[in-house]
Every structure is written in structure tokens, then in C-alpha cells.
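All chains are named by letter (A, B, ...) in the order of the sequence lines, taking the proteins before the strands, and each is independently numbered beginning at 1. Computed from a predicted model, the values in this text were never measured in an experiment.
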Amino acid sequence: MSAEFFEVERLSLSFGGVKAVRDVSFSIRAGEILAVIGPNGAGKTSLLNLITRVFDASSGSIRFNGQDILRLARHDVVRQGIARTFQNIELFEGATVLENLLLGRHRADHGNFFSQMFNLPSVRRAEARTRERVEDVVRLLELAPFRHRPVAELPYGVRKVVELGRALAAEPRLLLLDEPASGLNPEETRRLAYWLEDIQAELGVTVVMVEHDMSLVAAVANRVVVMDQGQVLTDGTPAQVQADPRVIAAYLGT
Amino acid sequence: GAAGVGDKELVLGTHLDLSGPVAIAMPVIRNGIQMRIDEANEAGGINGRKLRLVVEDNASQPSQAVRAVDKLIRKDEVFALLCPFGSGPNVATVKKAVDAGVICFAPYAASGLVRQAAGQTPLLFTTNLNYDSTTSAAVKWATGNLGSKKVGFIYQEGPFGDLVGKGVKAALAAKGTPLAAEASYKVGDLDFSSHVARMQAAGVDLIVCATTTRETIAVAAEVKKLGLSGVNVLTASPGRAGLTIALGKDAMEGVYGVGTWRIAAPDQATAAEKSWAEGYRKRFKAEPDDVAAAFYDYTSWFLQEVRNAGRDLTADKLVKALQASTFKGVSSYDTQRFANNHIDPEWTRVEQVVQGRWTARSSVVDPAKSSL
Amino acid sequence: MLTLPHRQPIFHRRLANDRYLTRTDDAMTQLTQLIVQGISSGAIYGLVALGLVLGYKATEVLNFAQGDVVMLSAFLGWGLVVAVGLPFWLSFVLVLCISAALCFLLEAKIMRRIAGRPQFSGVMLTIGIGFMIRGGVSMLFGPQSRSYPTPWTGQSMQIGGSVVAELNLVIVGAAMGVTALLYYFLRRTTLGVAIHATSQNQLAAYLCGVRVKRLNSMVWAISGAIAALCGLLLAPITLVDLGLWFVMLKALAALVLGGFGSAPGAVIGGLLIGLIEQFAGVYLPDGVKDVAPYLVLIGVLVLYPRGILGESHGRRV
Amino acid sequence: MTPLLSVRNLETWYGPVRALHGVSLEVHAAQIVTVLGANGAGKTTLLNTIAGVLAPSNGTVEFEGRPIGGKDADEVARGGVVLVPEGRQIFPFLTIAENLRMGAFARRDAEIARDMAQMYDWFPRLFERQRQQAGLLSGGEQQMLAISRALMGRPRLLLLDEPSLGLSPLFTKDIFAIIKRIREQTKTAVLVVEQNAAIALATADHGYVIELGRVAAAGPCEALAQREDIKEFYLGGASHPPPQGVADGIRPARRRPSWN
Amino acid sequence: MARYETGFEDGRRLLRRRPERLAYGLLALTLVAAPWLLPAYHVGEATFILIMCVASLGLMTLTGFTGQVSLGQSAFVGIGAYIHTILLTQGVPLPLSLLLTTGGAALGGLLVGMPAIRVSGLHLAMVTMAFAIVCEHVLGRWKSVTGGHSGMAVPDPTLFGLSLGGPRAFYFLCLMVLAVVLLLLVNLMRSATGRAFIGIRDSEAAAQGLGIDVARTKVLAFSLSAACSGLAGALLAHQMQHITPEAFGLALSLQLVLMVFIGGLGSLRGAILGAILIGLLPSFISSLKEMLPARLGAQFGLELFVYGAVLTFFVLLEPGGLNSRWVRIRKVLAEFPWVRKSSTHQTKVYMKSERYR
Ligand SMILES: Nc1ncnc2c1ncn2[C@@H]1O[C@H](COP(=O)(O)OP(=O)(O)OP(=O)(O)O)[C@@H](O)[C@H]1O
Ligand SMILES: Nc1ncnc2c1ncn2[C@@H]1O[C@H](COP(=O)(O)OP(=O)(O)OP(=O)(O)O)[C@@H](O)[C@H]1O
Ligand SMILES: CC(C)C[C@H](N)C(=O)O
Ligand SMILES: [Mg+2]
Ligand SMILES: [Mg+2]
């Protein structure tokens, strides 16, 4: 596959006077892990929000697999195979971990309302399939001990993992992660790195990850896009950007 | 024996609005009924039976009334429903009661509609005058004697208002004039300025009110406030009560009302009325009231015939007794009887508040037979 | 516009069969009359709604018992003036204080316990408390209506050709005054900002050193006092009556129309509903008046989901 | 010398779940103390209990010799112990300036404006956005706001729960530099919970390690930083790059997750 | 992956354990035998409660699962009652009429839901309340069709020429309807749609992010709950035998909301427990009155006061609703000999704003 897998072109977003994203362009090859880094308020989260259509772009285009994302209805983005996590964790607090993961698969759930009401065999089969996939995620992320715990009781770190799992349950082709390692200690971050490797290698998922933890970025990212003040400052391999003086000045510090 | 007729006890039931929007009007009704029953019990009961009254709450809600009546019929197994309150609740429940063979006596509600809802049954006895025939007579009287030309109508949404409206329209149709304006309100409305403004805009000179206590006062006060001096207010029977004057005071001065029973001023009271009032004061530590007297009377009438029906009491016997009975109570204008299961004649007259007192403006007549 | 008050005790003029010429009203007088009426009845809705706004602001509880506090205050007023025989103004102040104290306790002893529960628990709880107040009042005072004299009973004056009861002016004045005070308090004082802050994030308010508990109780007390004011002003118009709580429905509509949690919005919503009712009552077919405020409410909310002056609560993810 | 804050045998429950099993620690005046621990160890619970957000069921908390355990959070805050809670907890619909002013709510002195200028100086982004609703800030900006709001209260003891959460590396360094500077200038003591153990241990004087609601290790930071277990669990990713194994496909044996 | 399938099927089964199956079997038996065990009055009350259960289940899907508070449910109950009565008077057979009524109410829910979902939280509560007020008004005014305020008499329910009007027969009709509704809802709630409901309740942003069509799902919930309420309305019409608009006013809406709230949001069992509690309250109060000294029992407002007190009590002391109490009791019973003394440590709680959900 080529650069067409996912492509952002001259994307802009402004809130009143604040230009959160300005003319951002980049592209991802299938199977890549792309990290987006940049100072606070650089517009990274806004970029993810644009891709998942939480916000409407002021201009520009986003192409995924030849589809123009900006033309889709909001809930249809996921149907194209894009899943995400949120910076401030948006789990369904009142539900258990399992229910959260099952919900992650919503887009893959078939069967209409009436067949569900009558619990027809087709629905039973679909449910079994769904559960099977979810169990795969549980196994991958080692969530088994929490399967039936309500999310509201879980510590921060576990919630982060649950949210990752929920996104994975959708079997996305493109996974968008907003600061997956924040709030994790180095040990846990290392585990996350393995998972991301698995996700990339075993599941063949392409990942765009906004992250401040350079150890994680350095460990897993194939390429890094650096944003500053809504614009792309530079991009390159982790080693390249870490050495870039502009990046050091604006973001890494000495 | 029949349901509710025990060896030593006769069980009667009623449902009133104890917690709903019209609860304000209930204490007097309840006191009136209870007073008569207590008196009967103090005198040793009737035909060897003490009377027990079970009071349920209908909150003016038909659905709650249905359940209350269910309970009265099935659980308490009452012999009769005595003076249940409210048009909505009665319309919704009367069929249930009579189907179960329970006599329904003197519901305080729009009688015509209750009868319609009950279907063909000898078990229903309504003592409340028909709002339509009495109002119709009064409106005819007003067009004649007050020279009212353009008539407006302010009414409570619901069966009561509907029935009064029917009467108003009937009277006007007879004259060939249309109703100039009508304005409805919902129970609980506080503000009547727009209703009166509507009347004013239509240029009416008579406002007929299908209103109860608070609303009657509010309309009268609004008319006064705007200084609509050529406009007369005529309230249907529920608004024509001692209470409206007691509360409305000056605002009620000059208002006309459709009379259904006598309201005796203390200084003009007959000896019977005085002693009744004294008894009421003693029993309830409260001032007596015409509505209480009326319900005392209805209960009297009922009990009078229970006695006449004899010790071997059944619904059939009581129906026969009631159909044959005549009655004149403390508050009755004149002797009444049941014909066709309904009170007959419907004695009524037009009254007006003069110096804080309902004062006769017409003679007492039966609107079915002659005009006021 | 404001021609001099031509004071007239109006209820002493006519006798039984007096017949005067019907006043010929031109359309203009009718219009001003309606506007004046609409504003004054709207002001009451707005005033009740203001009390709701306050409670909502601080604790995010929509106090469904507000109407019952209004009713209770009217009864207390009757009790003090008629049963106890105190002078009107003393009773006035006392009722304000009692009602404030009651709402203070209500918050401190009951509402506080449901902190952290879904917003609608507050509604449920206050509905229950409202029932208790209504039931309690009718057990204590009896359900009968009653009335008592106030300085404004039966006084009216002419403004721009239409007759206005003095009481209506008092109500409009009170509503405006209370709104202005509240607006200033909520917008311009540190305590006011603290109230906003508390409602947005109670935990953070604690951490900033705000005496959240005391503040909440105090705000409820103020809203109780406003309710008492409404009760005392309504009583002479409508009688002291258990049904007074019905004003709550209109106040709710006003509150929502104006935008939840906005003090000026509540008053504007109230006035709007008052005016809609008046005009619908006179110019639209019979029966439309009763539902007109609600139809407008539905329409406005569907078009502007936040109400007229509601803040937008953008949330980012 | 009596410590500024002394926590003895603190026990905290969430309903039927015990989260702290008797934690004791001390913070002395002008000292920076850090608390390390895995997810769910109870760090947040500890800070919340000290700050009065949670009520302890056992044990004592003394600040400046006076017991503050079990008091309400507002009272503790007015007493000079200010918490920057986990998850930011800003006032979303107030402007940034109003948020900062709320931080100084309990203060009555004349220097509020000066402090505010100081905050804008440290966090220029907040200055640019001061009229904006705080809820619309980016995650990191909100974190800055939360910290500076706490500083507006001029605490004598500042409790920080993961201040670096969501902050860029550069800013994380800045924050810790600011913490140090404040300590120097105003003798404010700081108790900081941090996942970024490297920077925390480098900044702090004393450290505690909490595991499953108990203090597992304590000591001066230099000493802690030398311990092998701590190096492995808490400094692993931060001080040196992750094991090359990740890229090679050869993984170190996975440790069982701490929550098992 | 058969391993998961078996486990999963077990997990999805309705009655997982023997004791559970036994308990529910017993319950079913009791319900079937009830009409012969109870006096006629109590059969009527039980029927009423069954009907309320259907309505409160409907509201539970909307409020408890989807998080949309509706104070307009009475309107749908009313619409159902009227459609059904009108259809029956036109000679439509009972089963068909019940179906058409359900469909009609669902359509009504759809029409109301589409604009209503633009608002949420208390705003939605107010919009739906306004709708209920308007609807009651229309029922009262549209005399030619609804009979206005005098209402309509409801024909006896008949099935293939057999009258179901008697207390027992009608009880079974209601019991059957409730059982069917409950089963369908249970199925729905354990499938994708049910999960989507919960997702929307907990975080609309996340639900959107997972590809749930929030608007469509909300409207669906509206429509579903309206359908249940409409069906309940049809049954209620028979129970009342004579329907008037006031029977379907705000008070009914409030009662329904109280049922789901006190029962425990987010659980179908809660809806039923709530309906039982709120449904029994009036008769509880009237028997309470008989036990009180006559002076107190005759006090006006006593009913209201007690009603309010009970509500307040339950809202305050059962934050999770009756359902959570039930779950706790069941747990204690399940672990019976090893009763663990649950340490009740008070935790401080803070109000969370719902303004930016
Ligand atoms: N809805 C909004 N309204 C106004 N301004 C906004 C809005 N959303 C974001 N912004 C502004 O846009 C800028 C970019 O925000 P964004 O959340 O994308 O930053 P970020 O790169 O994710 O930062 P961080 O690393 O701190 O999370 C910020 O300055 C923020 O204040
Ligand atoms: N509200 C709650 N209800 C029940 N248990 C809770 C609650 N909050 C926390 N816990 C439990 O208390 C323990 C300690 O949690 P705490 O949040 O203090 O951990 P932490 O050390 O701050 O973790 P993290 O690094 O993830 O923030 C955890 O096991 C958690 O599951
Ligand atoms: C009986 C009357 C006083 C009016 C009463 N509200 C009714 O429903 O009919
Ligand atoms: Mg971000
Ligand atoms: Mg923590």
C-alpha cells in the first residue's frame, strides 16, 4: 500500500480567534505507528478531534482509504475503521469493563432492533462472535481480573488500558491514541509499548498516537510529526526529531 | 344480606379530594356528612345498626378515584357511596359502582354527565342540581331583568364547565343571540386578568362564571379593578356560596349567583338553622357553612330512607324507598323528591351579594316547569 | 407615560343594580392594558423562577418544592397577621426570615445528603418534600382558602389610560429589584463567582477554601426568602390557598425559556410567559391560552436548546 | 523539630474497600517530599485524605501541630494546605482569570494582583487565554491552570497529584523548577505524587514508595534513587531508553501486572 | 474458540443458577395462582400494578438506560388509552387493537423524540412536561374524537367472543402482556442496542466516538418507551372502564418517573420494584389511616404528607434504588452462613455538575 492509506491535507480549524490547527498536512502508510508530539496547546488533540469529526474543519481534507472523512456523518467515521481514545478518558462509568469493551464493537454489531428483541439465532450468533473478539482483547491487554468490575472503581492506569481495549474491540484499521501513557509509571509504559508492538505487528493496525512521553515515542514510533502553535514544525524518525534544535527549544527542553 | 349491611353495622363509603387541587372545598362537605352520621350513631344507630363511613382520597384524579372506588366496593364492601366529590372522579367511577350493585347517592358533580356515564340504572340518585338547566334559567332571567345583551362565559375546563356552558348556550339560543366570548381556565390558574380582558374586548355586559371559590372571587375582583361598571357577573352554583363572600369580601359585592340551597345569614336564621349551626360549631370548632348544611341534608335524606327501608335492608328496598320519598332539610328551598331517580323539582333562584349577603333576586322555581 | 397615581379605593363604588355606560375602549388602551397585565403577572412567574435559579446555581438542584414554599409563606403570613394579630410589616419580615431559615435547614439537613447523585435525584427529593410541605400545611392550617388585608389590597391607579392594581406595581418593582440585586451579587462579587464555581465543580471549590456547605445553605436561604416574598405578594391576588404552588409550573417554564441558571433570563422568561398568556388569552381562540406558554417553550427549546439567555456549555474531549 | 505535616497510621476506606492500610509520613518545613507508587497503590487516596477530600477512618494527620484529619477540605485549604487534585478539576465555565481569582478566594491581602501577574509570567499561555472559558483549554493548559490556581492560595504546604500529567517534557521540567523556586522564595513545603520518578527524585529531598496502601520504602531521594528495585520499577523507562528487546522481538519476561 | 462460546452463552443466559431458576419459577407460580389466593379487591390492585409495571418498564428504557428524563410519559399512556378505546369502539378486535395502539404510540414517540432529542437533561424533562400538558389539553378539547372532558366509556375486552372483563381474566391478560414486554426488553437490553443505550447515558461523546448513531438511538429509545407506555395505556383504559383526559396528566408522569427512580435507574427489575412500591402506596396510606387515631387519620393532607415522606425516605436512603437493596439482600442470602460484616465507612461525596455532559 502507498501513502494513500491515510492523508491529511492543509487542514485548519479555528475557534473564534484561536487558530488551533493551521494548514496541517501529513500522511501515514498502512501499518505505521506515527507519533504526534508538540507543546501543550499545539493542537494535537484538536487534530484527532478533526479526524473523528468531533469538530468540523474550517478547511482542508482528510482522506482515509480513498474516502473523504469530512463528508461522512459523525458516527460513520468509525464504520470506516477508525477508533480512538480520549485524553481525559471517556469511559462509560456506569458500566463494567466488559460492557465497555462490548460497546467498543458496536459498529460491528449486526441485526436489527426486532431480531434483537426476539433474540433470534442470528443475534445469538453475532453476540457470540462479538464476545469472542472482546475476549481476545481482554487476553491481549490482560484485563481478565477486571472483566466484571465497574469502571468507576478502577484506578487511573487501568482505565487507560480499558479505553485502549475499547478502541481495539472495534477492530479498527486506524487507531488514534491521545496520550496513552499519561498517568502510567515507567513500568506500565513499557508494557504499553509491548502492546502497541503487538497491535501493530499481530493485528496490523495503523496507529496515530499523541504523546508526551518520549521514551514511549522513541520505543515504538516509526515516524514523528512535531506540531507547534497549530502547525507542523517538522517530522522524521524519533531520533531525527529528538535531535532537532527547534524541537528541543519548543518541546523537549535541555 | 346486601354488601355492607352487617348485623350491627352499616358501611358507607365516599371519596373526596383530600389532597388534590380542590381539597380546599372538602372539609365542609366532609363535616356535613360526618355530623349527620355521628348524630345518627349517637341516637343509637338506624334499625339497630351503627353507621360507619369510609372516606377515601381521589385527589380529583379519575384514575385515583377508580382505585378508591375499587377499594370501597371490594375491600370495605360498602353498601352505598354517599356524596362522592368531583365530576371527573364520579364520571369515571359511577358505572363501576352501580354495576357492582352499590347505590351512588348525591355525588357532588355535574349531575347530567354522571347520569350519562352511569347508563340506565336505578341505583344512582343525584341531588346536585343540573348546572345546565339552572344556569340556563338564570341567564334567561338576566337577559330579561338585567337587560344583558352580550353574554360572555368564563369556565373551568372540564365536565363542570362544559355543563354550565351548555346551559348558557341553551338560554342564548332561545333568544337567538350568540355567545359573545368564552374563556376557559385550568384548575390551579391564578391569574384571571386575561379572561376578563377577553370579555372586555368583546364588550360583554354579563359574564357567566363556571367557577369555584377562588376563581369566582378573582373574576369579580378583576372586573372591579378595571372599573367595568356596566358589566354584571353571574356565577353558577358552586361559586354562589357563603365562602366566596367570606373570602372575597368587598370584591364579591354585587355579584349574582345561581342558588341551589338556602344560605341563611345568622340573624335571619330559623330556629332549626340556628340549632343546626350551634351543633356544627360545637362539633367542629368552626363556623358552619352552607355547603356543610347542604351535605348534612343530603345525608339526612339518605338516612331517612335507610330507616324507612327497614331492618331488612337491601339496595332494591332502599331504591324503592328513595323513589317514594320527599325531603326538606335545613338548607332546602322547598320540598324535594326523586322522580326518574333524579331530584325533582330542581328548586333554584337568582341571588345577588348585597352588603355581604346572598340576597334573593327572584322567586324560587323549578326551571323545568317555569322560568324565573 | 406614568400619569400621576390617581388613587381610588375601587371596591366601594357600585351597588346592586347600578348600570353605567360600558366604557368604550379603543384598541390602544386595550393593548397597554394587556401589556401592563402581562408584565405584572409575568413578574411573579419571574420572581418565583429567580428563586429556582439561585438554588440551581449553587447546588444544581431544581427545587420543585419552591412553589410549596411560596404557598407555605402565604399561610404563614395569614397566620401571623390574622391568627396571631401582628402588624403586616412585622409579619412580612418574620415570614421572610422563617422561610429563609426553613430553606437553610432544608439544604443543610436534607439536600446535602444527595450530593454526587444524578441531577434528577434532587428533583425527586424536592418533589417529595414539596408533598410533605403541602400535606403539612393542610394538616396544620386546614385546606380552606383564606385571605388577609395587605397595604395593597384593593388599591389601584391609572397608568397611561389603563388601570393597574398597586400590588402589580409592587410586584414588578420587587421583581426588578431582586433581579438587579442578584445580578450584581452573582456577577460582580467574589461570593457570586464562588457560587458559580461551586456549581461547576464542588470539589475544586472546597479545595479553593470556599465554605461550600455554608454557602449552599445560604443561597438556599436567599431563595427561600424570595419564595416568601412571592407568597406574600401573591396572597392578596389569589387568596391564601393550597393551590398557590401551581405558580411553580409557570415559573419552571419561565426558567427554562430564559435559560437555566440565568437570573435575568428567568425574569425575561417570566415576562414573556405573562405576556404570551395575556395576548393569547384575548386574541387567540379560547383554550389556546392555557397551552400557549408551553407551545412557545417547546418551540424555543427546539430552536435554541439552551433557552434565550442560557450559557453555552461547550465541552471538549 | 516538629514536622510541618505528620501523618500517622492513616487508614482510608472506599465503602467496603480499604485503600490505605496505615500510612505514616512526615513533611518538614521547606521540604519537597515525593511519593511514588504503582497504579492503584493509593497515592491519590493519601493526598486526598490529607487534604480533607476523603475522611480517614483511622490515624491522624497533623499540620503545624494541629490535627486536620477528618476536617472538611475547605477548612484544610484555608489552613494553608492546598491540593492540586488528580484530573485537574478546574471550573470549566469560569474564565481563566476567574479560576485564578478563585484560587485566592480565602485571601484578603493586597497582593493578589501581583501573584496573578506572577502566574501569567510563569505560564504565558494562561495570559494569552485569560478571558477564555477554562473548560476549552487543552489538557496541558488545564494542568497549568490547576497548579497556578493552587499557588494563588499561597499555601504553606502544597500537595501535588501528578503535576506532570499531560505536560510536555519541557513544561514538566519547568514545573519542577517552579516548585523548587517557590520553596526557595517562600519556604513552601511540597508533597508531590509523581509517575515521572526520575524528575521527582531529582527534585525532592525525601521520598516514600507506596505499595498496595502501605509504605514500602522511604528515605532521602539520593538513597532511593540508588536502590535496585526502585531503579527497576520506577526509573526503568525514564533514565535510560527501554530495552532494545522491544524492537528485536526479544522481550524480557513480563512481570505480572501489579494489580493481580 | 468454542471455549468462549460456551462460557459466553452461559453468561448471556437469563437464569444462570439453579436457585435463581427455582426462585423465578416459584414467583411465576405465585403470580398464576394469585387470583385464586387473593380477595377480589387485591386482584384488582395487582392488575393495576401489572399495568404500571409495563408503563414503568417503558420509561426505564428511556430514563434508566438511555439517560433521557421524560416527564411526558403520561401523554403516551393517554394516547395509548384513547387510540385503543377508539379502535375498540370501531369494532377492531382486541389483539389487533393492542398491536395498533402500540404501533401508534411508538409513532407518537418517534415524532416527539425527533425534535426533543435536541435538548437534554432538565431541559428535556421540561420539554416533555410541556408536551404532556399540551397533550392532555388536546385530549380534553378534541371533543368529536375523545369525548372531551366527559371522556369515553371503554368497551369490555373480548377475545374470540370471550369476555376478559372479569377481574381474573383481565389480570391474566395484563400478566401476559407484562411477561411479553419484559422478555422483549430483557433481550434488547442484553444486545447491541441495549448497550448503545447505556453508552449514550454515560457519555455521549464516547458513544459518538464509537460509531453509535446517537440521535437515532435516542429516538429509538423514545419510541420504544412510548410504545410500552401506550400499551400500558390500553390496558389502563380497561382497568378504568371510563377514561377522561385528567387521568393522563402530569401526576401520572410524575408517578412513573418516581417508579423508575425509586426502583433504581438502569435496571428492569428496578422498574418493576418501583412500580410495585409506588403502586401500593395509596392503599398503604389508606390502611395506615385506619390504624391511626381518628383525629389524625381524618386530617386533610395526611395522604400527601405520608406520600411525600415515603418518597423522601426512599430517595434519601436508597441511593441505588430498590434494585440495589435487592441485590444486596440477594448477596447476603447467597453467602448466607458466612455473613460478612460489611464495614460501613462513610465516604465524602461531592456534587458533580451535569451541565457539560
Ligand atoms: N472548543 C474550543 N474552543 C476554543 N479554543 C479551543 C477549543 N478547543 C481547543 N482550543 C484551543 O486550541 C488549542 C489547541 O488545543 P489542543 O487541545 O488541540 O492542544 P493539545 O496539543 O492537545 O495540547 P495538550 O498537549 O496540552 O493536550 C488550545 O490552545 C486550546 O485552548
Ligand atoms: N471511588 C472509589 N471506589 C472504590 N475504590 C476506589 C475508588 N477510588 C480508588 N479506589 C481504589 O483505591 C485504590 C487506590 O487508588 P488510588 O486512586 O489512590 O491509586 P493511585 O495510587 O493514585 O493510582 P494512580 O497512579 O492510577 O492514580 C485502588 O485500588 C482503587 O481501585
Ligand atoms: C362540583 C363543583 C364544585 C366543581 C368541581 N370541581 C367538579 O369537578 O365538578
Ligand atoms: Mg491534548
Ligand atoms: Mg492517582
Side-chain angles (χ1 to χ4, degrees), chain C residues 56 59-62 110 113-121 123-125 127-140 142-143 198-203 206 212 242 249 252-253 255-256 260-261 287 290-291 293-295 297-298 301-303 305-307 310-311 313-315 317, chain E residues 63 67 69 71 115-116 118-127 129-134 136-138 140-141 203 205-206 208-209 250 254 257-258 261-262 265 296 299-317 319 348-357:
Chain C
Y56 180 77
T59 50
E60 238 172 65
V61 171
L62 184 54
I110 299 180
R113 291 162 186 261
I114 58 157
R117 303 237 215 114
Q119 205 175 44
F120 217 72
S121 322
V123 175
M124 294 288 108
L125 191 55
I127 286 177
I129 291 169
F131 283 177
M132 284 172 74
I133 295 179
R134 220 175 304 154
V137 166
S138 90
M139 281 161 69
L140 209 68
T198 307
S199 74
Q200 292 166 25
N201 193 333
Q202 202 178 63
L203 172 60
Y206 270 106
V212 174
L242 285 174
L249 288 184
L252 271 179
L255 175 74
V256 179
F260 258 106
D290 290 330
V291 288
Y294 302 104
L295 289 174
L297 172 79
I298 294 175
L301 279 193
V302 167
L303 294 179
R306 298 270 162 220
E311 314 150 36
H313 292 314
R315 165 170 192 246
V317 286
Chain E
T63 301
V69 178
L71 283 177
R118 284 177 51 84
V119 293
S120 57
L122 288 174
H123 286 95
L124 179 65
M126 291 302 124
V127 169
M129 181 179 105
F131 167 71
I133 292 174
V134 173
E136 186 194 341
H137 190 83
V138 171
R141 286 260 157 188
S203 164
Q208 187 108 47
L250 212 52
L254 275 184
V257 175
L258 286 168
F261 219 86
I262 287 185
L265 290 181
L296 188 59
Q299 284 283 12
F300 277 85
L302 181 75
E303 289 85 3
L304 210 56
F305 185 83
V306 175
Y307 196 84
V310 173
L311 290 188
T312 310
F313 176 85
F314 276 99
V315 175
L316 271 184
L317 299 185
K348 293 187 190 173
V349 276
Y350 298 89
M351 187 199 87
K352 287 199 200 75
S353 173
E354 286 183 21
R355 263 189 279 169
Y356 58 129
R357 278 174 42 85

Practice item. Among the options E:Gly209, E:Pro115, E:Ala309, E:Gly308, pick out the one with the most heavy-atom pairs lying under 4.5 Å from chain C. Key: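 Among E:Gly209, E:Pro115, E:Ala309, E:Gly308, the one with the most close pairs to chain C is E:Gly308.
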
Review point. E:Leu311, E:Val69, E:Val310, E:Ile262: which one forms the most heavy-atom pairs within less than 4.5 Å of chain C?
Key: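 Highest number of pairs under 4.5 Å: E:Val69.
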
Separation between [atom1] of [X] and [atom2] of [Y], rounded to the nearest 0.5 Å:
{"X": "E:Thr312", "Y": "C:Met124", "atom1": "OG1", "atom2": "CE", "value": "11.5 Å"}
{"X": "E:His137", "Y": "C:Leu295", "atom1": "NE2", "atom2": "CG", "value": "9.0 Å"}
{"X": "C:Leu252", "Y": "E:Leu122", "atom1": "CG", "atom2": "CG", "value": "9.5 Å"}
{"X": "E:Glu303", "Y": "C:Met139", "atom1": "CD", "atom2": "CE", "value": "9.5 Å"}
{"X": "E:Arg118", "Y": "C:Leu301", "atom1": "CZ", "atom2": "CG", "value": "10.0 Å"}
{"X": "E:Leu265", "Y": "C:Phe120", "atom1": "CG", "atom2": "CZ", "value": "10.0 Å"}

Using heavy-atom distances under 4.5 Å, tell me whether [X] contacts chain C through its side chain, its backbone, both, or neither.
{"X": "E:Leu124", "value": "neither"}
{"X": "E:Leu254", "value": "side chain"}
{"X": "E:Phe300", "value": "both"}
{"X": "E:Val257", "value": "both"}
{"X": "E:Val127", "value": "both"}
{"X": "E:Leu304", "value": "both"}

[X] versus chain E, heavy atoms under 4.5 Å apart: side chain, backbone, both or neither?
{"X": "C:Pro293", "result": "neither"}
{"X": "C:Val123", "result": "side chain"}
{"X": "C:Ile110", "result": "both"}
{"X": "C:Leu297", "result": "side chain"}

**Study point:** Step-by-step side chain to side chain contact (heavy atoms under 4.5 Å, CB included) determination, C:Leu249 to E:Met129
**Key:** CA-CA 10 Å; C:Leu249 288 184; E:Met129 181 179 105; 3.8 Å; yes

Check your understanding: Got a sec, which residues hit ring pair (Phe, Tyr, Trp, His ring centres under 6.0 Å) with E:His123, two or more places apart in sequence or on another chain?
Key ->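 Once residues adjacent in sequence are excluded, the partners of E:His123 under the ring pair (Phe, Tyr, Trp, His ring centres under 6.0 Å) criterion are C:Phe260.
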
Review point. Residues in ring pair (Phe, Tyr, Trp, His ring centres under 6.0 Å) with E:Phe313, at least two apart?
Key: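 Testing E:Phe313 for ring pair (Phe, Tyr, Trp, His ring centres under 6.0 Å), a comparison that skips the adjacent residues, returns none.
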
Practice item. Just do the side chain to side chain contact (heavy atoms under 4.5 Å, CB included) check on E:Arg141 and C:Val291 with the steps written out, would you? Key: CA-CA 12 Å; E:Arg141 286 260 157 188; C:Val291 288; over 6 Å; no

Exercise for review: Assign the ring pair E:Tyr350 / C:Tyr206 to parallel, tilted or perpendicular, where the plane angle (0 to 90°) is split at 30° and 60°.
Suggested key: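 Taking C:Tyr206 first and then E:Tyr350, their aromatic rings stand perpendicular (interplane angle over 60°).
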
Check your understanding: Are the side chain of C:Arg113 and the backbone of E:Leu317 linked by a donor-acceptor contact shorter than 3.5 Å?
Key ->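 No; zero donor-acceptor contacts below 3.5 Å.
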
Check your understanding: If you take all heavy atoms of E:Gly301 and C:Ser138, which pair is closest and at what distance?
Key ->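 Reported closest heavy-atom pair: CA-OG, 3.0 Å.
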
Check your understanding: Of all heavy-atom pairs between C:Ser121 and E:Phe261, which one has the smallest distance, and what is that distance?
Key ->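 Smallest heavy-atom distance, with atoms named: N-CZ, 3.2 Å.
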
**Study point:** Note, C:Ile114 side chain near E:Leu316 side chain (heavy atom, < 4.5 Å)
**Key:**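 They are in side-chain contact.
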
Review point. Who among C:Val61, C:Thr198, C:Ile298 has the most heavy-atom pairs with chain E under 4.5 Å?
Key: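 Most heavy-atom pairs under 4.5 Å with chain E: C:Ile298.
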
Review point. Given the rule in the side chain to side chain contact (heavy atoms under 4.5 Å, CB included) test, do C:Phe131 and E:Val306 qualify, once you have shown the distances and angles that lead to the verdict?
Key: CA-CA 8 Å; C:Phe131 283 177; E:Val306 175; over 6 Å; no

